[in-house]
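Each chain gets a letter, A, B and so on, in the order the sequences are listed, and its residues count up from 1.
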Amino acid sequence: MALINFLKKEIVSIVRDKFGLKTALTQFDVSPVPSNQPGHIGSNIAMYLAKELKKPPYVIGAEIAEALKLKEYAEDAVVIKPGYTNITLKNSYLKSELGKLFDNDDYFRNDFGAGKNVNMEFVSANPVGPLNIVSGRAAAYGDTLASIYSYSGFNVTRETYVNDFGRQMHLFALSLLARYLQLYGDDIAIPEEGYQGEYVTEIAKVMKEEKGGGFYTKMGRVTDLEKCPLYGEVREFGLKHVLNMQKSTLEKFGVKFDTWFSETSLHEKGEVDSAFKIINDKGLFYDKDDAVWFRTTDYGDDKDRVVKKNDGEFTYFASDIAYIQNKVKRGADLVINVLGPDHHGYVKRLESIMQGLGYDRERIKVIILQQVNLLEGGEKMKMSKRAGNFVSLDELLESVGKDAARYFFIMRSYTSHLDFDLELAKEASDKNPVFYVQYAYARLCNIFEKAKDAAKPEEYLSLESLGGLEKEETELVLSILTIPQFIMESAERDSPNWLTQAVHTLAGTFHTFYAKHRVVQEDRQAMLKRLYILSALKKTFEVTFEVIGITPRQKM
RNA sequence: GCGCCCGUAGCUCAGUGGAUUAGAGCGUCUGACUACGAAUCAGUAGGCCGCAGGUUCAAGUCCUGCCGGGCGCACCA
């Protein structure tokens, strides 16, 4: 168990012994103390107990400090101002904690998720073109959150939904067909609402290449795109091609989905009908104006929603009912949807589905990412996929690289708008904080390179005692040991940025240490001690980099 | 009009179930490479935390109202 969690439990047990409280006691804080205060780790527990115990926090804090002092891991414990209980840990204890994180990743894991299965859906773009920067935010956020959940005791499935059923797919297929015919000189236009982007022609060229001349001949003379006899094959080709493009982009971005789930498959397998039956049996459907409506207002939505249009077609919302049912049937204890800002009206609808199907509302969590604004020359760009003037994720990756792009996307809170300055990103300079963190790692690796001849890993890793610790060393050790807590809190808050901040702080603590103390040096004891601490730091960087999806570079 | 999000340093943003002196990056100014990488470090300046009430021993954080900005309110996806 990691440091903070352990101390939390210790404090709870002390409180139980001393004051005999039965309440849960989970909401108090245990965290590193500000550097200008005495002690290593502090707690505000006394403030929480003050009301219930009817005693001043300072008095309660003092009693807890007395009890903490007696613990074998404590060097000292004091009470501060309003009632903080600050504990100073023994160096021997810090050393043994560091020792725990070498073998595997367990020290960085926590059991917040208690083994629950989570279906985490993100990106879910229409399969009608290359992924853009907006999907980039979703990809970086969703993938990182999935990692954080994995480290927090959840069993996570990364999933993306392929909207291959509706009108957009149809329009795209028609556009592709038109471009294809144009390559043969046919005078036929893209549908009015079709996709104008250059990439459609590119795909048409590939199709022409792969399908060969016979395909065009077989088509006959097409005057109406809708009536083309080979429409199905064109659509199929376009879909596959676009999905492959998206997959390869995501791969470059370090994102790999476990499942690409097809909307069409829900209809083909009759899952829409069976899910409908459940809702219908509960009397949640009704007919009005020749359409079928879902009474989502029963669950707090501001209006009821159509599931089947008056022309007999299902809506997108109808697929969603089957999709959520499908996810639950596949074993999801928790369904998470990461959506863009234009979907916030969807939250209540999705919750309604979950409840309408007979499950708890808490079984679904909808996370709305706020908007990404692209800035070029300080001006906001308006993007539209149909107009074809969007910036693709591929372009972004080419100009700034995976690490900077991912880091930039997740370092902001998901509730905040994100301004993406293209020129700044293209500079790839130290204005991007990812370099700060990666530089720390490269520097660290360099030390080990220098130390290679002076000391063997067997020697410093089997160190018995750290001896005395300088201020900067202590801070570095504490910064390392609290990372697991940040991983857990990132999961609790669905906030990867909580973790990037912690990593940034960790890097900063290391840089400060580095500037003040030499590692490879004559004082052998000091060197071994520092190599020991830095080994723990190296491991910590590697694990956190893995979680946030950036590359640990030995050289930059 | 209704709903979601945002308003914190010059700019871009963090800020945890209220709590130790509100933080970081960029930009400003001043210092530090003949020692493990100066993509770094040390220091400096810069804040009525949008406004007004309320709750509390304690509010950037919770409640109410207002002001400003973004986005959404389809038998589109």
Side-chain angles (χ1 to χ4, degrees), chain A residues 26-29 31 33-34 36-39 42 44 46-48 50-51 56-57 80-84 86 124-126 128 163 165-169 171 193 263 288-293 302-303 305-311 313-317 319 340-348 368-371 373 375 380 411-419 421 424 429-433 435-436 438-440 442-451 454 485-486 489-490 492-493 495 497-498 500-501 504-505 507-508 510-521 527 530 534 555-556:
Chain A
T26 51
Q27 310 196 350
F28 65 100
D29 181 55
S31 55
V33 300
N36 50 2
Q37 297 291 327
N44 62 356
M47 267 77 87
Y48 275 94
K51 192 168 276 178
I80 304 292
K81 270 198 208 159
Y84 288 98
N86 289 4
S124 296
N126 282 324
V128 296
N163 306 129
F165 187 75
R167 182 172 159 73
Q168 297 308 316
M169 182 65 221
L171 285 170
E193 294 168 284
E263 182 183 4
K288 194 181 88 180
D289 304 331
D290 297 322
V292 182
W293 298 68
D302 48 8
K303 57 184 85 159
R305 307 291 168 176
V306 170
V307 291
K308 198 171 192 176
K309 300 187 265 181
N310 60 11
D311 61 6
E313 295 281 318
F314 289 109
T315 61
Y316 181 84
F317 184 52
S319 306
D342 49 335
H343 285 70
H344 66 240
Y346 233 75
V347 177
K348 282 277 189 287
I368 302 294
L369 294 177
Q370 290 305 312
Q371 187 180 336
N373 293 319
L375 304 181
K380 276 187 196 174
M411 64 184 286
R412 300 272 145 86
S413 161
Y414 69 87
T415 58
S416 284
H417 295 193
L418 182 123
D419 285 339
D421 188 324
L424 194 67
S429 68
D430 54 358
K431 286 182 177 145
N432 195 318
F435 292 107
Y436 184 81
Q438 286 186 314
Y439 180 60
R443 225 180 194 185
L444 180 57
C445 290
N446 203 47
I447 294 176
F448 281 103
E449 188 62 28
K450 286 280 186 230
Q485 184 70 11
F486 282 103
E489 289 175 7
S490 305
E492 288 174 347
R493 298 170 225 295
S495 298
N497 65 304
W498 199 246
T500 54
Q501 273 177 261
H504 190 269
T505 304
F510 167 67
H511 283 312
T512 300
F513 159 84
Y514 178 92
K516 191 115 186 209
H517 303 289
R518 238 188 112 72
V519 177
V520 182
Q521 57 163 329
M527 175 169 73
R530 286 170 187 164
L534 293 188
K555 298 198 188 309
M556 296 178 65

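Here the C1' atom of nucleotide rU61(B) and the CE atom of M47(A) are 15 Å apart, to the nearest Å. Look at CG on N44(A): it is 16 Å from P on rA59(B), rounded to the nearest Å. R412(A) places its CZ atom 20 Å from the P atom of rG23(B), with the value rounded to the nearest Å. D419(A) places its CG atom 12 Å from the C1' atom of rG69(B), with the value rounded to the nearest Å. Put simply, NE2 on H344(A) is 8 Å from C1' on rC5(B), counting in whole angstrom units.
Regarding contacts with the backbone of rG15(B), a side-chain N or O of N497(A) is found under 4.0 angstrom from either OP1 or OP2. At the phosphate of rC73(B), neither OP1 nor OP2 sits under 4.0 Å from any side-chain N or O atom of Y346(A). Contact annotation: Y316(A) side-chain N/O to rA77(B) OP1/OP2 distance is not under 4.0 Å. Residue T512(A) places at least one side-chain N or O closer than 4.0 Å to OP1 or OP2 of rA42(B).
Side-chain proximity of I80(A) to rU20(B), rU40(B), rC76(B): nearest is rU20(B).
Look at rA32(B): its Watson-Crick or wobble partner, with both distances under 3.5 angstrom, is rU40(B). Pairing of rG1(B), defined by two Watson-Crick or G-U wobble distances under 3.5 Å, is identified with rC73(B). Base-pair partner of rC66(B): rG50(B) (Watson-Crick or G-U wobble, both distances under 3.5 Å).
Taking atom P in both rU30(B) and rA45(B), one finds a spacing of 14 Å when rounded to whole Å.
The glycosidic torsion of rC67(B) lies more than 90° away from 0, placing the base in the anti range.
K303(A) comes within 4.0 angstrom of the backbone, heavy atoms only, and of no base. Note on R518(A): a base of the nucleic acid sits closer than 4.0 angstrom, heavy atoms only.
A distance of 8.0 Å separates CG of D289(A) from CG of N310(A), quoted to the nearest 0.5 Å.
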